[in-house]
Amino acid sequence: MMSRPLPVTIERTAYGVGAACLAVLPQVNDGGVNTSVAVLGGGCAWWLYRRATRSDFRTALVAAQRGLPVITGAAAYAAAAVTPGAGWWEYAAPLAWGALMAVWLPVTRASWTPSSGPAPAGPSGFGEETAAKWAASQAAQQTRLVNVERLHPTGKDFTAVVVAPAGLPVPRLDQDAVAAVFDVPVGAVQAMEDIPGSGPGRKRLTVTPSDRKAGTLSFEEDWAVRVGCADGAIPRSRVVKVRRDPGRVMILAEVPSGQVATISHAQLCSAFGVKAEELRLIAETDGGTQALVTLYETSPLTGTRHATRDMLTPNADGYWVIGTAHDGTDVYSRLWNSAGAVHGYVVGVTGSGKTVAIVLGLAAAANAGAVSWLASLDPDAQLAAAGQYIDRQGSGRTYAARAVRAAVRLMSIRGEINAEVGHDFSPASPYPMLTIDLDEFNGLCDDSDEGQEIVAGAVAIAERGRKYGMRVCFAGQTLDLSRIGGDRSLREQTRSGTGVVLRTVSGISGRQATEGMLPEGVELAEIPTVIGGGLTIADRMDGVTEVPHGASTAGMGHALNGSAPRMMRVLYVHLPKDGTAHNLDDLFPEGGMVSTLTPREIAALDAEDLYGDWTAPVTEAETAAAQQAAGKTKRVTAKDRILAALTAEMTTKEIRDAMPDLAAGTVRNALTDLAGQGLIANPDHGVWAPLD
């Protein structure tokens with residue numbers, strides 16, 4: 001610690017005595033005195049140089065203040081000592097030195113620092129006080145605390161970034177020592193977390209000592225502790241607005257500017273004390289800074305809403321109603337936009353409502369005057385019922401390959417028409433829109449020649465069909481577009497339309513269908529088999545044996561249209577499986593009108609044997625054509641590329657780096673599938689290897 005400065009009077013007297021010595025001693029010409037002064041001045045100059053080059057500005061300034069009198073005095077003495085005789089300036093210079101040091105006394109005192117105003121009163125604000133406590137503690141171990149963010153309006157809860165000196169990692173910090181710094185229980189100090197995108201020189205520290213007992217915190221405070229903390233369901237969020245309506249509560253939350261709101265649905269349900277399978281809590285974000293959380297007394301999706309022809313008739317912009325959102329508003333799908341036809345997809349397991357969603361799309365296309373071709377892997381009675389109202393419907397790979405083959409050729413025919421009329425497809429085009437629905441798409445696209453022809457044709461239509469008024473809708477229980485190659489292109493094309501994700505067989509199926517289609521940070525809530533069915537752990541503990549059936553979730557799911565996904569239930573269509581009458585007459589065009597291609601298009605396809613009976617036996621010429629098309633267009637899938645690249649143990653990151661054109665999720669899903677099929681080994685977490 002620095003000693004207290006001498007009184008000003010004593011220091012000024014010392015400078016006067018020093019000035020007299022500087023005037024007399026050079027005339028004595030004593031070698032010992034000269035040597036002593038040289039050593040003193042030179043040593044002080046060297047000490048000052050070391051301070052200036054190895055310290056920060058403040059330390060160097062203090063050193064200069066201390067050394068100024070000695071260095072300048074030694075310089076005056078040396079000048080007089082080496083000059084022959086006794087000139088008048090040899091007496092005037094020491095007197096001027098002494099006077100100058102006495103006048104500039106504050107500057108020559110080591111305790112002085114420059115100031116442009118009143119001295120600061122110490123740290124102000126929670127963040128500065130927290131950082132100051134850390135800097136003054138031994139627990140800091142030369143680290144510093146930055147970006148302090150308060151999590152509790154009145155408590156000590158905060159999150160901050162611990163920064164180590166340049167080139168060093170953040171050391172292991174003892175939780176007891178950290179708790180002592182901020183005077184909180186040891187349990188309030190959470191483990192240090194890595195920061196995405198940062199190295200080991202930066203770690204996140206979170207301290208949450210606030211009382212979490214019910215009733216002790218306001219709603220906003222409880223949110224900050226349970227939901228908005230660093231590892232919460234919506235990290236670093238705060239409540240902006242709360243709205244209470246009969247039967248529901250809506251909370252608008254926001255994260256700081258420059259961040260993106262991310263939601264963990266399971267954690268959010270846990271924070272509110274509800275079960276995810278009850279579908280009472282709906283969380284939404286559009287990939288920005290805000291999130292909307294709605295908590296209902298009962299699930300809002302248990303009721304059904306019957307479809308009508310008016311709902312299924314697209315407006316001038318191509319929008320039609322496909323379902324009802326959880327808040328009672330309409331959810332729209334789209335057939336076309338200003339750029340042409342738009343594509344789509346439907347994913348859902350058996351019993352999820354997938355067939356109903358497909359039929360709704362067929363009715364909307366028919367009411368818009370579009371031509372519909374429907375192909376599925378296996379015969380389906382419900383789709384066959386809808387097939388009576390559209391141009392073509394059938395099943396099997398041969399049927400699907402013929403439909404896709406005709407559609408690909410039709411693009412060339414319509415290209416000629418576009419050139420004649422001077423524009424691409426629009427409502428004013430002299431031909432109708434064509435929509436192709438491919439159900440069980442993954443099953444259709446096997447390794448056979450027909451399967452590969454379907455792959456190539458579907459990708460071609462997805463990539464180029466919009467300007468020819470042609471759209472494709474992919475459907476299936478799972479939808480792994482990566483297996484057919486070109487998945488990035490397909491996703492880019494389909495994200496402009498509407499995707500419907502119903503109940504899937506697993507979380508992987510949902511991720512495969514939505515990868516690249518969701519805003520950053522958005523996570524879809526899984527749809528349970530039933531709502532309110534089964535026994536809870538508490539029920540089993542209490543000996544309850546009667547199992548409630550619960551409410552069906554058929555038709556419940558998420559609609560994706562390029563922005564924030566919406567949880568909804570698709571409109572109800574009566575498609576009985578017992579042979580009773582359906583209600584399709586009330587949904588498709590009145591009078592049973594079915595749209596077809598124009599005579600010019602039909603004649604052009606007929607001339608190449610592409611518009612005949614798609615259920616007829618396959619001819620040898622057709623088989624040869626399919627083989628040729630498959631051979632020319634067969635694509636290398638993501639799995640094929642991974643199998644070729646995996647010649648030794650590799651991490652997931654190394655595999656992704658080797659295939660930068662594939663999305664990270666595509667690589668991850670392909671690796672999981674390959675391991676599940678027994679084609680590669682998974683010796684450790686995130687490590688993959690060939691079987692041999």
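Minimum interatomic distance between V618 and E450 (heavy atoms only, all atoms of both residues): CG2-OE2, 4.1 Å. Scanning all heavy atoms of the two residues, the minimum distance from I454 to A400 falls at CD1-CB, 3.7 Å. The minimum heavy-atom distance between A681 and L691, with the atom names listed, is N-CD2, 3.9 Å. Between E453 and A401 the shortest heavy-atom distance is OE1-CB, 4.1 Å. Considering every non-hydrogen atom in both G451 and D446, the closest pair reads CA-OD1, 3.4 Å. The two residues P314 and L335 come nearest to each other via the heavy atoms CG-CD1, 3.6 Å.
The main-chain N or O of Y468 is found under 3.5 Å from a side-chain atom of R414 such that the two form a donor-acceptor pair. No donor-acceptor distance shorter than 3.5 angstrom exists from the side chain of D391 to the backbone of V371, with no hydrogens or angles considered. Checked by atom type and distance alone, the side chain of T504 never pairs as donor or acceptor with a backbone atom of G348 at under 3.5 Å. With hydrogens and angles disregarded, no donor-acceptor distance shorter than 3.5 Å links the side chain of Y431 to the backbone of I417. No donor-acceptor pair under 3.5 Å is formed between the side chain of R334 and the backbone N or O of Y319. In this structure, N583 contributes its side chain and D586 its backbone to no donor-acceptor pair below 3.5 Å. A donor-acceptor pair under 3.5 Å is absent between the side-chain atoms of N442 and the main chain of C445, judged by distance alone. For H343 (side chain) and V472 (main-chain N/O), a donor-acceptor pair under 3.5 Å exists by modelled atom type. Of the possible donor and acceptor atoms, one in the side chain of Q382 sits under 3.5 Å from a partner among the backbone N and O of L575. For R566 (side chain) and T324 (main-chain N/O), no donor-acceptor pair under 3.5 Å exists by modelled atom type.
Side-chain contact check for P565 versus L560: some heavy-atom pair is nearer than 4.5 Å. Side-chain contact between L643 and I680 is present, with heavy atoms from C-beta onward closer than 4.5 Å. Between R305 and D330, some side-chain heavy-atom pair lies under the 4.5 Å cut-off. In this structure, the side chains of V573 and H582 stay at 4.5 Å or more apart for every pair of heavy atoms. For the pair P432/E601, a side-chain contact is recorded, criterion being any heavy-atom separation below 4.5 Å from C-beta on. Under the 4.5 Å side-chain criterion, counting only non-hydrogen atoms from C-beta, L610 is not in contact with R402.
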Item checked: Derivation and outcome, side chain to side chain contact (heavy atoms under 4.5 Å, CB included), residues Y611 and R392 -> CA-CA 11 Å; Y611 198 71; R392 300 223 165 175; 3.6 Å; yes
Next item on the list: Take D327 and T329 through the side-chain hydrogen bond (donor to acceptor under 3.5 Å, both in side chains) test and state the conclusion after the steps.
Entry: CA-CA 6 Å; D327 57 2; T329 58; 2.7 Å; yes
Margin query: Determine whether V293 and L281 satisfy the following criterion, side chain to side chain contact (heavy atoms under 4.5 Å, CB included), listing intermediate values before the conclusion.
Written below: CA-CA 7 Å; V293 178; L281 188 146; 4.2 Å; yes
Next item on the list: With side chain to side chain contact (heavy atoms under 4.5 Å, CB included) as the test, would you mind laying out the steps for L605 and L597 before giving the verdict?
Entry: CA-CA 10 Å; L605 292 175; L597 299 180; 3.8 Å; yes
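Remark: E420 engages R600 in a salt bridge (Lys or Arg N to Asp or Glu O under 4.0 Å) (not counting sequence neighbours). For R471, the salt bridge (Lys or Arg N to Asp or Glu O under 4.0 Å) test picks out no residue, with sequence neighbours left out. In this structure, the side chain to side chain contact (heavy atoms under 4.5 Å, CB included) partners of L292, at least two apart in sequence or on a different chain, are M250, E284, T294. Every ring-ring contact (aromatic ring centres under 6.0 Å, His included) that Y572 has, sequence neighbours left out, goes to H306.
Atom CZ of residue R466 and atom CG of residue D424 lie 11.0 Å apart, to the nearest 0.5 angstrom. Going from atom CD of Q393 over to atom CD of Q388 covers 9.0 Å, rounded to the nearest 0.5 Å. Of the inter-residue distances, the one linking L410 atom CG with I436 atom CD1 reads 8.0 Å to the nearest 0.5 angstrom. With values rounded to the nearest 0.5 angstrom, L587 atom CG is found 5.5 Å from L312 atom CG. With values rounded to the nearest 0.5 angstrom, L444 atom CG is found 7.5 Å from S376 atom OG. Note that the OG1 atom of T529 and the CZ atom of R503 stand 4.5 Å from one another [nearest 0.5 Å].
Side chains of D310 and T308: no donor on one and acceptor on the other come within 3.5 Å.
Residue pairs meeting the side chain to side chain donor-acceptor pair (under 3.5 Å) criterion with at least one partner in residues 353-363, sequence neighbours excluded, are K354-D439. Evaluation of the ring pair (Phe, Tyr, Trp, His ring centres under 6.0 Å) test over residues 359-378, restricted to residues two or more places apart or in two chains, returns W373-W614.
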